[in-house]
Asks: 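Here it is, the structure, as structure tokens.
Note that the structure is a prediction, hence the values are computed from the model and not measured. Per chain, numbering begins at 1; letters A, B, ... match sequence-line order.
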Amino acid sequence: MSHDTLARPTKTDEPRRVRASAPRRRRHWTRRANPVAGLGAFVWLVIVLIPIYAMLSASLTSADKALTGNPLKPPTDPTLDNYNTVLTTGFGHLLSNTAIVAVSVVGIVLALSIPLAYVAVRTRDRWSNAAFRLFLLGVAIPAQAVVVPLYLLIAKLDLYDTLLAVILPTAAFAMPVSVLVLVGTLRDVSEDLYEAMALDGASPLRMLFQLTIPLAKGGISTVVIFSALQAWNGFLFPLIFTQSDEPRVLTLGLFNYVSQFGVNIPAVLASVVLSGIPIFAVYLVARRALVGGLMGVGGK
Amino acid sequence: MTVTVEKPPTARKRPAHRASRAGRPHAAWALPGVLFFTFFAVVPMALALYLSFTSWDGLGDPRPVGLDNWKKLLDDPRMTQSLWLTVVLTVASWAFQTVVALLLGVWAAGRQRNRAILSAVFFVPFLLSSTAIAILFYALLDPNFGIIQKDTLGSQSGAFLAIVFVGGWQFIPFHTLIYQGGARQIPDVLYQAAAIDGAGRYRQFFSITLPQLRHTITTSTVLMVVGSLTYFETVLILTKGGPGTDTAILPYLMYEAGFKTYDFGYASAIASFLVLAATGLSLVLVRLTGFGGMRSTREGM
């Protein structure tokens with residue numbers, strides 16, 4: 001992982017690069033060191049790192065020692081006992097349930113959002129505009145506000161206490177942002193390419209698979225990561241739509257560990273660390289897609 | 001040429017029309033997505049409104065009770081307190097997150113050394129779930145175990161500040177990224193011209209950066225306002241609405257009414273109120289900031 005992935009030139013950087021040999025300066029305000037901003041960034045770095053450090057350090061401390069020491073002190077004799085405790089109390093089951101939810105949510109979101117965005121960009125008639133506007137409004141619907149009626153719907157569908165009860169609403173609430181990201185990306189596909197394919201007699205379906213999807217990989221990966229993140233970290237839907245051990249997901253498991261382990265804070269923190277590892281691994285691999293996709297939000 | 005000859009006669013009749021529509025998918029392709037979203041998001045919204053006029057304990061069928069729940073809503077002192085708390089929490093979180101994220105974002109849009117690696121670290125809290133973060137800070141604020149050996153969560157101001165801080169710790173990375181994207185799109189010429197005119201860095205920040213970022217600020221603010229409802233998890237785990245009811249924000253009050261006391265009608269009234277308030281506030285914000293181009297911003301997402 002090269003450390004300057006974030007600094008990778010964006011589209012607007014390209015011409016600047018060409019000009020770099022010219023004596024002209026780049027941004028006046030970024031060339032000079034900015035000690036005040038640098039100091040502020042450093043302070044925030046400390047604020048970000050202290051809790052993470054305290055968590056890692058405490059998770060390696062044995063339970064009986066944890067209550068006596070300050071969590072900022074490094075553990076005197078580190079132990080993996082806490083991780084062992086967590087892993088032997090059904091963590092694998094929680095992990096696989098969460099993975100099932102995340103994969104299903106991503107699958108549903110992609111299968112439904114891509115044709116939608118494709119229609120919104122390519123077919124600009126009344127109906128496709130209306131469909132697009134529905135999702136614009138959808139961004140403002142807070143999931144919190146509809147859990148009660150969703151609970152009624154889930155119960156009527158006989159889905160209560162199943163993984164589907166988590167998957168379906170999570171996918172629905174991941175759709176608005178996904179559609180908007182995809183519409184933004186698909187719009188960049190040149191009309192000329194479509195016309196060229198149309199001359200070859202390609203059907204809309206073929207254009208979608210051979211032209212649009214390959215060219216929209218960036219937007220699609222943003223959607224994949226974003227909806228996977230939402231599914232992985234979702235708490236409210238699992239809390240309200242499931243109750244037994246069978247369909248329990250990671251976040252709810254963490255919530256239960258708090259009461260289950262009681263004062264054994266190191267074990268609780270070990271479970272928090274474990275829950276973060278998979279998503280952190282994904283982040284290391286796909287940071288550019290995630291960061292680039294989200295950065296576009298503020299750009300326009 | 002051969003292609004033209006082989007085309008069916010209908011194709012020749014309306015060549016212009018055909019060229020513009022060739023290979024366009026039918027609008028019906030959007031139907032599965034629209035139906036799915038309608039069923040699991042739009043219908044429940046309407047259903048929430050309906051349920052707010054009923055009495056329902058989660059078993060049996062909802063029984064219409066007219067305006068009872070809404071009357072109760074207006075008379076409930078907990079509701080008044082909760083509404084006020086929600087507003088104060090949203091404003092405090094907005095101020096904290098906007099200031100930090102704006103400064104960090106503008107800084108990160110530059111080209112300092114080590115900036116890239118720092119930005120990557122900054123982002124880490126956003127990856128953890130609200131649940132994990134709430135549990136982490138619950139442990140770190142524990143009076144016996146934690147960093148601050150005081151009962152922070154036991155006092156009203158302590159619990160309130162903890163929620164604002166924890167929310168900021170989690171969401172500032174996200175908003176920093178939004179501001180970073182916004183700042184990157186400010187044209188260089190503006191700064192070059194200002195520099196020629198002798199404007200210093202701070203002058204440039206207030207006269208160029210800030211005005212140029214106004215749309216970004218709106219986007220980020222709308223997301224923060226809607227997002228402040230997701231503090232539910234933080235409140236549930238960190239303070240359980242306490243001490244007393246001192247941190248019981250609206251989503252938490254709704255959760256208690258519905259899933260603790262099984263008064264789903266009342267919970268639905270609170271939920272409907274939430275939707276109305278969140279949507280109304282977003283619209284007002286968009287108007288007030290003179291930002292009619294909501295659509296184009298949203299399209300950029």
Side-chain angles (χ1 to χ4, degrees), chain A residues 3-4 6-7 27-30 37 40-41 45 48 51 54-55 67 112 115-116 118-119 122-123 125 127-128 131 136 140-142 144-146 148-150 168-169 172 175 180-181 183-184 198 204 207 233 235 251 254-255 258 265 269 272 275-276 279-280 283 294-300, chain B residues 22-25 27 29-30 32-34 36-37 40-41 44-45 47-48 103 107 110-111 116-117 119 127-129 131-132 135-136 139-140 144-145 177-182 185 188 191 195 201 204 216 219 229 232-233 251 258 264 267-268 271 274-275 278-279 282 296-301:
Chain A
H3 79 289
D4 66 348
L6 260 176
R27 290 183 186 185
H28 165 79
W29 57 299
T30 56
L45 182 74
V48 166
M55 168 168 72
L67 281 171
L112 297 178
L116 234 157
Y118 184 55
V119 164
R122 297 274 296 136
T123 310
D125 65 1
W127 298 108
S128 40
L136 273 183
I141 303 180
Q144 267 80 357
V146 292
V148 172
L150 266 176
L168 298 175
M175 277 192 72
L180 300 184
V181 169
V183 165
M207 289 186 199
N233 290 341
F235 176 76
T251 46
L254 288 183
F255 185 53
V258 176
I265 292 178
L269 290 179
V272 170
S275 79
I279 208 84
F280 189 71
Y283 173 61
L294 293 180
M295 212 139 73
V297 176
K300 300 280 162 67
Chain B
R24 297 208 184 274
W29 285 33
V34 168
F36 182 75
F37 183 72
F40 284 104
M45 262 211 317
L47 212 54
L103 294 177
W107 174 79
R111 272 160 230 287
I117 202 160
S119 306
L127 297 172
L128 290 171
S129 60
T131 321
I135 291 172
L136 166 61
L140 293 183
N144 298 313
F145 170 82
L177 212 56
I178 295 181
Y179 281 113
Q180 191 181 347
Q185 299 211 340
D188 274 355
Y191 292 101
R201 191 194 310 281
Q204 290 183 18
T216 312
T219 309
L229 300 174
F232 166 77
E233 277 123 290
F264 286 105
S268 298
L274 263 179
V275 175
T279 314
S282 300
S296 66
T297 305
R298 286 287 172 82
E299 279 170 3
M301 295 177 86

Asks: Quick check on the interface: out of B/Ala267, B/Ala139, B/Pro44, B/Ala30, who has the most heavy-atom pairs with chain A under 4.5 Å?
Replies: B/Pro44
Asks: Which answer fits B/Leu128, side chain, backbone, both or neither, if we ask what part of it has an atom under 4.5 Å from a heavy atom of chain A?
Replies: both
Asks: Below 4.5 Å, heavy-atom pairs only: which of B/Leu103, B/Leu136, B/Leu127, B/Val34 has the largest tally toward chain A?
Replies: B/Leu127
Asks: Between A/Ala145 and B/Ala48, what is the shortest heavy-atom contact and its length?
Replies: O-CB, 4.4 Å
Asks: Between B/Trp107 and A/Ala37, which heavy-atom pair has the shortest distance, and what is it?
Replies: CD1-CB, 3.3 Å
Asks: Might you point out which heavy atoms bring B/Gly33 and A/Leu116 nearest each other, and give the distance in Å?
Replies: CA-CD1, 3.7 Å
Asks: Looking at A/Thr123, is its backbone amide N or carbonyl O close enough to the side chain of B/Arg24 to form a donor-acceptor pair, meaning the two atoms are under 3.5 Å apart?
Replies: no
Asks: Checking heavy atoms, do the side chain of B/Pro32, its backbone, both or neither come under 4.5 Å from chain A?
Replies: both
Asks: Picking from B/Ala41, B/Gly258, B/Ser268, which has the most non-hydrogen pairs under 4.5 angstrom with chain A?
Replies: B/Ala41
Asks: Would you compute the distance between atom CE of A/Met175 and atom CZ of B/Phe40 and round it to the nearest 0.5 angstrom?
Replies: 12.0 Å
Asks: Quick check: do B/Thr131 and A/Asn233 have side-chain heavy atoms less than 4.5 Å from each other?
Replies: no
Asks: Could you give the distance from CG (B/Leu140) to CD1 (A/Ile265), rounded to the nearest 0.5 Å?
Replies: 9.0 Å
Asks: So what's closer than 4.5 Å to chain B heavy atoms on A/Thr251: side chain, backbone, both or neither?
Replies: both
Asks: Is there a side-chain contact (heavy atoms from CB on, under 4.5 Å) between A/Leu168 and B/Phe36 once you walk through the steps?
Replies: CA-CA 9 Å; A/Leu168 298 175; B/Phe36 182 75; 3.9 Å; yes
Asks: Between chain B and each of A/Val272, A/Val119, A/Val146, count heavy-atom pairs under 4.5 Å; write down the option with the most.
Replies: A/Val119
Asks: Rounded to the nearest 0.5 Å, how far apart are CD1 of B/Ile135 and CZ of A/Phe255?
Replies: 8.0 Å
